[in-house]
Structure formats: structure tokens, C-alpha cells
Amino acid sequence: MIDNLVIVESPAKAKTIEKFLGKNFRVTSSMGHIRDLAKKDFGIDIKNNYKPDYIVPNDKKKIVAELNKLVKEANIVWLASDEDREGEAIAWHLSKVLKLSPDKTRRIVFSEITKTAIQESIKTYRTIDENLVNAQQARRILDRLVGFELSPVLWKKVKPSLSAGRVQSVAVRLIVEREREIINFNATSSFRVSGTFEFTDSQNKKHHFKAESHKRFSNKQEAHDFLVKCSTSDFKVLDVIQRPAKKSPSPPFTTSTLQQESARKLGLSVSQTMSVAQKLYESGYITYMRTDSLNLSQTALSAAEKVIRKEYGDQFVNIQHYKTKTKGAQEAHEAIRPTYFENKNIEGSNTEKRLYDLIWKRAVASQMSDALFEKTTVNIEVSNSTEKLVAQGEVLKFEGFLKLYIESTDDENEEESKGFLPPLTANQKLIAGEILAVQKFTLNPPRYTEASLVKKLEELGIGRPSTYAPTISTIQNRGYVLREDRDGKDRQYTILRLNNSKITESLQTETYGKEKSKLFPDNIGMIVNDFLVEYFKEILDLNFTANVEKEFDDIAAGKLEWTKMIDTFYKPFHKQVENTLAVSDYSKGERTLGTDPASGKQVICRMGRYGPIVQIGENIPESNEKARFASLLKGQQLESISLEEALDLFKLPRVVGEFEGSELIAAIGRFGPYIRHNSMFYSLKKGIDDPYKVTSERAIELIKEKRENDSNKTIKLFDDEPQLQILNGRWGPYIAYQKKNYKIPKSVEPAKLSKEDCFKIIKENPEKKKKSKK
DNA sequence: CAGTGAGCGAGCTTCCGCTTGACTT
């Protein structure tokens, strides 16, 4: 017999709590939700006032069976799932599925896992809050209705297997719209003037420093005019303004900020971060990693305080409570923090250690004092101009939390850190050194990274800590969005240089637009987005989630009937679905690019069966006219391809010449440009060869080079067994036989292997397991 | 891996949020 059975959501949490509760309590876990809507017929009886059809999914049956067994033995069952909408629903589903009688069931909640909080919750148990459960049911059913009605519309009107939903479709929209802003962005430039100045102080010591113009000069002529004035000007200090400044530490991590910092500092993707954090949590090193709360428990605060006092001293301590500002935050947990602040280091993999270090530093720093600075601004008078130059300096007076932790930013063009300024006073005469006017271009809005997209979604109140990583994966798996690097492009900028009263002009080259691990919309993402925005404006609205959340709050407060809310939403929505099916065309992102100068026929681009294509002319059976097709290259988008680029696609494959009686053909394939000869493929060299221009001489050179390499590749052949080869590969020597490759054990010398030895290795090699499809 | 693009149609796909392994590489 079990006196008290406590059910929480996660096994790691169960283990911790069991320690706090003593012998009369048995703690187990439900592993999250144990029931969900059936997939058949929506799992909702729409005609019967949206009656949900809940089932226990197969992978939860085992857990439910175990729980049933434990419940039978228990006197009292304590439902201790999280203190939020989903947690309340989990408790309710448990009570239904396990058929818990009200007299032996108690609902408890605690928002931090500490002994006092848990013992307190046991004293203040309650019953299940039906209103809160109804708010969750409304949330669940709304998501199911939206997802399962919209997705099939896409199957019929765009492409099978696509998906749409309240969260993912808005995520895709953000990326598509940002890309269009970037495509339509026109960089403008202006000139920024900066110079070095020199003076000698009363002790005869020389100092120099840098200052720059407040004003940006809109063109070269204006900048030049200013430099001309400077060339005959005297310079002196107009005034020196000093003011104190401070910088406060960031709050401890939530899921979203952890994902952002871990991407910036450790280069991890959103899902990598979560799986490493999961490991740390299961090992008991950190608190729960899916949270939107900034709160730290009293116990945690005291522990942090102790560490700071010991390691840095009393003046570094500044214990404070952070308040969550995020829309729709549910605050069922603490912020992410080390379980034991005393543990500065942990055991584990390299990545686990580094992520733990980040979490530890961030949590400790959040309880440390502000960093104090003194900022100095020096205005400099230019005698021949009304423009002033400004020098700014910053001196750190007290390190505070900066001793431990500096948060990174996504801003790639952050101001370089301001340094120390020499002691300047008003009226100090200055001698100008070199003065430069440098052309600076405006920057396009930044593309999203996985982590900055999570940040944006969180700001909009869309999605939850447990779904950020899966959502980011879904939109990539559907092909809506690609995570890619892009090479930068070169551009020239002008520098005007004033030195010894002479102005010289020079051109320099800079790289811009280089991208690393950024999210780009792919063709299908843009087509789906445009379709959904056109026909389902309300759901694609960035505020849709925030709007329905208000109604969920009303349901939770008992002010609104959940079925009524769903009905008000569903009736017009469903009508719109039917209307869309009736009126919309098949959506393939078609765009007319212009006319082909050679044939005078129309050139269009669109989505074809195997991907995006360009098409010249049409298939007209009566006149025997055939359309010509060409696939877009990787990286080209239907959205932005020009007529010229489209026509270029038809120039390949191109016959370059002849060699050994066979044609040399240049083309571009999946792995880049190549030369085909006798059904063999020879890659063109990146950055050197151009498939449109490559000559037959160069092609033959490449073929000979490859043959030479291939002959070095061969270690041993067998006359009586031509299929068997011993070769040298990228990872060392291997055996190739019937299109399969086999590793050669390190202990043997490849060249000495006999035919029999090879077959023995082949036989002993374990058959590779087939990739199982989920 | 080096190309394709018509049309028919059975049977399938799909949501968000709460969890942790079971799977590969």
C-alpha cells in the first residue's frame, strides 16, 4: 500500500521531489500529456458542440498502465503537474483516465522545486480548476481545427504533405517578409569624417586621440568641401562633458534567451542547445530548461549570494528579483539556473561543460552589482566650419558583473568599444593629424537566425518554450525555409584623405552581405505564405495568437464558455476554407519574366513537379509547338530571378568540343558545374572555370587531371575479378566491390591483400542497417 | 548524381504543447 502517490510531469523532477517528501510519499511521473485528440475525424465532433474525442496514444499506453497500477495501491493521489493551463489539463486528463475519485485526489502546485515550497503546497491543496482546463481545451481544439483544415487546402492547392498552423505559418511569414524587405532594400551611402588629433600637456607629454564628425555628409562633394575647410582650420577643445554611466546585468536564462546566447557564444543550433540542456537537467546539474520565467527561488538567491561574496567580495553582491515581461508567459517554473551554485564545473562532454558554464555565469552575474563607467564627451571646434567633431571615451570605474559575464548581441556592426581619452580641458589647442572621410553604406535589415526568430516569436507571444525548437525544425523540414551560409559580395567605397593640407582620393573594396547560418525562405515557403496571407489573413496576422490568448484568459477566468469561443471562431473560418477551395487557383508561384529575344516567346518561371523551373513558350499539340524547360539553380528563387538569368539557364548543357571521338559537354548539376565526356563527369573548378565560357582545351586538361588522380587512387586490381578494387579514398584505403565500399582494418597493409583476404573482409563486414522511416 | 515536366487516381500527409527515449550518423 502507498500512503501518498504524487504524480509530476518529468521523471527527473520526480526524483528530486521524492527526496523532499519523506517515506510516506511515492513520486512518479506522467511524461507530459497522457491523452490527445484522436486523429480520425479531427478528434472533434463539430456537430455535437465540438465534443473532443480524447485517446491515449500508443506510446503512452505503457505509462498509463503503470500509473493505473500505482493508483490502485494508493490512498491519496496528489496531482502535481505544472501551475499553468497545460499543467492543469494534464492533471484533469490524469483524473479522467485513471478514474480518480474526488475524495482521494488532491491538486497541488508549486513554481519552484524547494523543500519549503513543496511542503507548503501539500498544506494548501485544492481541486482541479475546470475553467483553466477549459481554456486549455479551447487552445488545443483551435489549433487542431486550424491545422487540420488549412493543411489539406494546401495539399489541394499547392502540393501534398504541406502543413499550416497558428504558429508555424506566422514563423514562415516573418522570414518571407524579411527576405522581401532585403530584396527591395536599396543601400544608400554617406561620408563619415574622422581624424586623429594631438596636443602636448603641461608636463610636455604628447597625447593623441581620435574624433569624428557628428554629421554624416550625404555625398562626396559635401565631404570634400568639409575637408577643404579643415585643411585651413584651427582646432580646439570646446568643452568636456563627463557623466557617470552604468550597465546592469541581464536576468538569468529562459529557454529563449538560452537558445540565443548559446547560438552566439557556442554556435549551437536551437535544437542542439535543447538536447544538451536536457542532458544537464537529467544529470541534475540545472533546473528545468523549458521555462519562460525569470524567477529564482529564495534558496537559489542565497546560494548565489554566498558564491559571489566568497569569490568576488561583498561589493559585488546585488540580489534582485526579475519580472517577466513576455506576453502570455505562464511562469510555472524557475528561470534556468545551476541546481547547486557551488558547482562551478561539472563532469560531462565538452559541450555540456560549456553550456553549463554559460548558465552558471549568467545566473550568478544576474545577482551581481552594476558595472560603473565614466563617459566623457569632448566637442572640438573647427574654426572654418560650424560643424563640430566629437571624441568619446569611456572608463570603467567598477567592474561589477562584467567581471564574470558579457552578453553578446546579434548586431554585426556594433560600435567598437570606446577607449580611454587623454586628460583634455576646454580651449586646449589641437593639432590635426590625418583626417579621413570614409564612405559608409546603409545596411539592409538582418536575416533571422534560428535563435533570433525564436526571440521574435516570443515577443509576439507565439509558441511556448517547449515548442520553439520543434517549430524551427518543422518549417525547415517542410522545405519552407533553409538555413544557409552565403558568400558576401564585393563593393567599392571611397576614402578622402586629408594629410598635410592635401586631399587625396582612393577606392577600397569591402565585402558585404556575407551570411552564416541564416534563415532564407525557399520557393515553396513563399508560395505557401502568399497563398495563406491572401485567403486566411486573420490567422496569418502577427497578432492572431495574442488575440485568441485574451479569449483563453476569459475562459480561464470563467467569463466565457469555451465552446462558444470556438464556435465564434470556427463558423466563419470554415466558410473561408470552403470558399478558398472553390475559388482559388492551383498555386505555383508563376511569374512572367518577359519575352525570349531569340524566339519571341514568353518566358515564365513557376514551380514544376520536381522543383522550380523556367519555361519558354507553351505546349500546343495542334501546332506541334513544344515548351522548353530549364531548372533553376540552387540558390535562385522564383521571386527574384531575372529574364537574363533565366535565359542563361538554357545555354547549358553546351557542347564545348570533341575529345577522343566523343563530345565534351558543359553543364551545371546538383554539385555545381561539370564537364561530361563519355558518360563520365568532371567537376569544374570553383572560382576558376565558368561553364558558359570553358574551352575544349581547358576541359581536356581537367579530364587528364582527373584521370591522373584516379590512377593514384588505385592501389590494387585483380585481373580475374574486375569488380573488386582496392582504392585510396578520402578516409584512407578501402575495398570497392559491386558498388559497395568496405573498410580495411588498420592492422593490414592494403597493397598486400589477396583476393581471398578481400572477400573475407567483405563477408565479415556487418550489413549496414537500413534507415528506418518514422 | 548529372535529368525529368502528361494525366489518372488510391492512399497518405497535417496542428500545438506537455514529456522522454528509441532511433540513426
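Chain letters run A, B, ... following the sequence lines, proteins first, then strands; residues in each count from 1. Side-chain atoms are counted along with the backbone in the values below, which use heavy atoms only and exclude waters and symmetry mates.
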Which residues share a side chain to side chain contact (heavy atoms under 4.5 Å, CB included) with [X], sequence neighbours left out:
X: A/D648; value: A/K651, A/Y692
X: A/T592; value: A/Q602, A/I604
X: A/F536; value: A/L150, A/L532, A/F573, A/Q576, A/V577, A/T580
X: A/P52; value: A/L37, A/Y54, A/Q137, A/I141, A/W562

Quiz item: Would a line drawn from the ring center of A/F531 to the ring center of A/Y535 be shorter than 6.0 Å?
Solution: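 For A/F531 and A/Y535, the ring centres are under 6.0 Å apart.
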
Quiz prompt | Aromatic centroids of A/Y682 and A/Y674 separated by under 6.0 Å | solution = no

Looking across every strand, which nucleic acid part, if any, lies under 4.0 Å from [X] by heavy atom: base, sugar-phosphate, or nothing?
X: A/P11; answer: sugar-phosphate
X: A/Q168; answer: sugar-phosphate
X: A/A164; answer: sugar-phosphate
X: A/T474; answer: sugar-phosphate
X: A/F42; answer: nothing
X: A/G165; answer: sugar-phosphate

Below the 4.0 Å mark, does [N] have OP1 or OP2 next to a side-chain nitrogen or oxygen of [X]?
X: A/R166; N: B/dG17; answer: yes
X: A/Q278; N: B/dT20; answer: yes
X: A/R290; N: B/dT19; answer: yes
X: A/T467; N: B/dC16; answer: no
X: A/R35; N: B/dG17; answer: no
X: A/Y682; N: B/dA2; answer: no
X: A/S29; N: B/dT19; answer: no
X: A/S10; N: B/dT19; answer: no

Quiz prompt | Parallel, tilted or perpendicular: rings of A/H33 and A/H93 (30°, 60°) | solution =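 Geometry flag for A/H33 against A/H93: perpendicular rings.
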
Between protein and nucleotides 9-13 of chain B, what N or O pairs are separated by less than 3.5 Å?
| unit_1 | atom_1 | unit_2 | atom_2 | d |
| --- | --- | --- | --- | --- |
| B/dT13 | O2 | A/S161 | N | 2.5 |
| B/dT13 | O2 | A/S161 | OG | 3.3 |

Self-check item: Stem regions touching DNA chain B, defined by at least 3 consecutive Watson-Crick or wobble G-U pairs below 3.5 angstrom
Solution: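 For DNA chain B no paired stretch is long enough to count as a stem (3 pairs minimum).
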
Quiz prompt | Within residues 26-41 of chain A or reaching into it, pairs that qualify as salt bridge (Lys or Arg N to Asp or Glu O under 4.0 Å) - sequence neighbours excluded | solution =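 Only A/D36-A/R140 qualify under salt bridge (Lys or Arg N to Asp or Glu O under 4.0 Å).
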
Write down the distance between [atom1] ([X]) and [atom2] ([N]), rounded to a whole number of angstrom.
X: A/R85; N: B/dC16; atom1: CZ; atom2: C1'; value: 11 Å
X: A/I475; N: B/dC15; atom1: CD1; atom2: P; value: 12 Å
X: A/N619; N: B/dA6; atom1: CG; atom2: C1'; value: 9 Å
X: A/Y610; N: B/dC1; atom1: OH; atom2: P; value: 17 Å
X: A/D36; N: B/dT19; atom1: CG; atom2: C1'; value: 13 Å
X: A/E83; N: B/dC18; atom1: CD; atom2: P; value: 14 Å
X: A/K39; N: B/dC16; atom1: NZ; atom2: C1'; value: 11 Å
X: A/I7; N: B/dC18; atom1: CD1; atom2: P; value: 19 Å

Practice problem: Would you please test A/Y480 and A/I175 for side chain to side chain contact (heavy atoms under 4.5 Å, CB included) and show each step? | Solution: CA-CA 10 Å; A/Y480 296 152; A/I175 293 165; over 6 Å; no

Quiz prompt | Residue met sooner reading DNA chain B from 5', once A/Q136 and A/R606 are mapped to nucleotides | solution = A/R606

Quiz item: Given that A/H33 and A/G611 both sit by DNA chain B, which one's nearest nucleotide is further toward the 5' end?
Solution: A/G611

Exercise. Can you tell me, in whole Å, how much space there is between the P of B/dC18 and that of B/dA22?
Key: 24 Å

Practice problem: Between B/dT13 and B/dG9, how far apart are the C1' atoms? Round to whole Å, please. | Solution: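 Taking atom C1' in both B/dG9 and B/dT13, they lie 16 Å apart.
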
Quiz prompt | Residues which pass side chain to side chain donor-acceptor pair (under 3.5 Å) with A/D530, listed by chain and number, not counting sequence neighbours | solution = A/R180

Practice problem: Please list, chain by chain and in numerical order, all residues satisfying side chain to side chain donor-acceptor pair (under 3.5 Å) with A/E130, sequence neighbours excluded. | Solution: none

Practice problem: Quick one: list whatever passes ring-ring contact (aromatic ring centres under 6.0 Å, His included) with A/F42, sequence neighbours left out. | Solution: none

Quiz item: Does the B/dG5 base have a donor-acceptor partner in the side chain of A/S631 within less than 3.5 Å?
Solution: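 By the distance-only test, yes, there is a pair.
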
Exercise. Kindly indicate whether the side chain of A/R144 and the base of B/dC16 share any N or O donor-acceptor pair separated by less than 3.5 Å?
Key: no

Quiz item: Which pairs, with at least one residue in residues 467-476 of chain A and sequence neighbours excluded, count as a side-chain hydrogen bond (donor to acceptor under 3.5 Å, both in side chains)?
Solution: A/E450-A/Q476

Quiz prompt | Nucleic acid contacts - residues 54-65 of chain A versus DNA chain B, non-hydrogen atoms under 4.0 Å | solution = A/K60

Quiz item: Hey, does the Lys NZ or Arg CZ of A/R144 hover above the aromatic six-ring of A/F148, less than 6.0 Å from the centre and inside 45° of the axis?
Solution: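 Yes - A/R144 lies over the ring of A/F148, closer than 6.0 Å to its centre and within 45° of its axis.
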
